[in-house]
Amino acid sequence: MKVAPSLLAANFLHLEREIRAVEEAGADLLHLDIMDGHFVPNLTFGLPLIKTIKKISRIPVDVHFMVTNPEQYLLEMAEIGVDYVSIHQESVWHLQRQISVLKSAGVKAGVALNPATPVITLYPILPELDFVLLMSVNPGFGGQKFLPMVYPKLRELKEYAGRVNQGLEIEVDGGVNNLNAPQLIELGADILVAGTYIFSHSDYKQQILGLRT
Ligand code: DX5
Ligand code: ZN
């Protein structure tokens, strides 16, 4: 199981120090939340910062687009060398086209689902995906309360992927902590994103360990 700290909860004044700290604490991926004020009611950061972070990161970078029209940024992600990119199913008209753009550019391609979007909407495209990101909060903000409605979705996705795409990675994002992690892992989550849970304590190593055990 991989742990992906969400930098949204890090100290933005000391980003490099924060990145080194989670790397040393055992993080597997760096999760970057991109918000545009349209798809979600919040703004974060954009391409210049993604590029800068990718330059210094020693672990793979995972970009989560919570924006309308993410398609205009996908090739740039490949140029920057971003490792994982997820776009929201609810944010694009032609999902299969955008997934093939990512894949042919050599980026791991994922689709993110809002809590209210059923897993079945991904069935046709599932064999083509590298990963699926299941939101366990409504996207837009860190520090929200975990929504248990993700559990049956995770179970269903794991079961269906076992038949059509055994290499699929499943990422769960939002309100993840040491209390819900055991059940998420048991149900088959491969990547856990955690922002507040990791960065709101001084000992990142212990927090990450708390997700794994
Ligand atoms: C929410 C973001 C999440 C969030 C996770 O819109 O996609 O990645 O920052 O933060 P926590 O763990 O605080 O819910
Ligand atoms: Zn995210």
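Whatever order the structure lists them in is the order used to number ligands and atoms, beginning at 1. We number each residue from 1, following the sequence as shown. What you see below is based on every heavy atom in this structure, not just the backbone, and it leaves out hydrogens, waters and symmetry mates.
Across every non-hydrogen atom of A9 and T196, the tightest pair is CB-N, 3.6 Å.
Polar contact with ligand 1: present for S6 (N/O pair, distance under 3.5 Å). Ligand 1 has a nitrogen or oxygen under 3.5 angstrom from a nitrogen or oxygen of G140. Residue contacts with ligand 1: V193 is placed with no nitrogen or oxygen under 3.5 Å of a nitrogen or oxygen of the ligand (distance criterion only). Looking at G195 next to ligand 1, an N or O pair under 3.5 Å apart turns up. Between Y197 and ligand 1, no pair of N/O atoms sits closer than 3.5 Å. Geometrically, ligand 1 and D33 share a nitrogen or oxygen pair separated by less than 3.5 Å.
Side-chain N or O atoms of N42 include one that pairs as donor or acceptor with a backbone N or O of G140 at under 3.5 Å.
Residue V119 forms a side-chain contact (heavy atoms from CB on, under 4.5 Å) with just one option from K158, E159, E156, and that option is E156. When the options E128, E90, Q89 are evaluated for a side-chain contact (heavy atoms from CB on, under 4.5 Å) with V111, the one that passes is Q89.
Of all the listed residues (G143, S200, S86), G143 holds the heavy atom that lies closest to atom 11 (P) of ligand 1. Counting heavy atoms only, T196 comes closest to atom 13 (O) of ligand 1 of the residues D62, I198, T196.
Atoms of ligand 1 found under 4.0 Å from any heavy atom of H31, numbered from 1 in the order shown, are 8 (O). Shown in contact with H64 at under 4.0 Å from a heavy atom are these atoms of ligand 1, numbered in order with element: 7 (O). For ligand 1, the atoms sitting less than 4.0 Å from at least one non-hydrogen atom of M35 are 6 (O), numbered in the order shown with element in parentheses. Ligand 1 places these atoms under 4.0 Å from at least one heavy atom of L8: 9 (O). Against a heavy-atom cut-off of under 4.0 Å, M66 is close to the following atoms of ligand 1: 6 (O), 7 (O).
At a cut-off of 3.5 Å, with distance as the only test, a side-chain donor of Y84 or E169 sits close to an acceptor on the other residue.
Nearest N, O or S atom of H64 to the Zn ion (ligand 2): atom ND1.
The six-membered or imidazole ring of F146 lies away from that of Y197, with a centre-to-centre distance of 6.0 Å or more.
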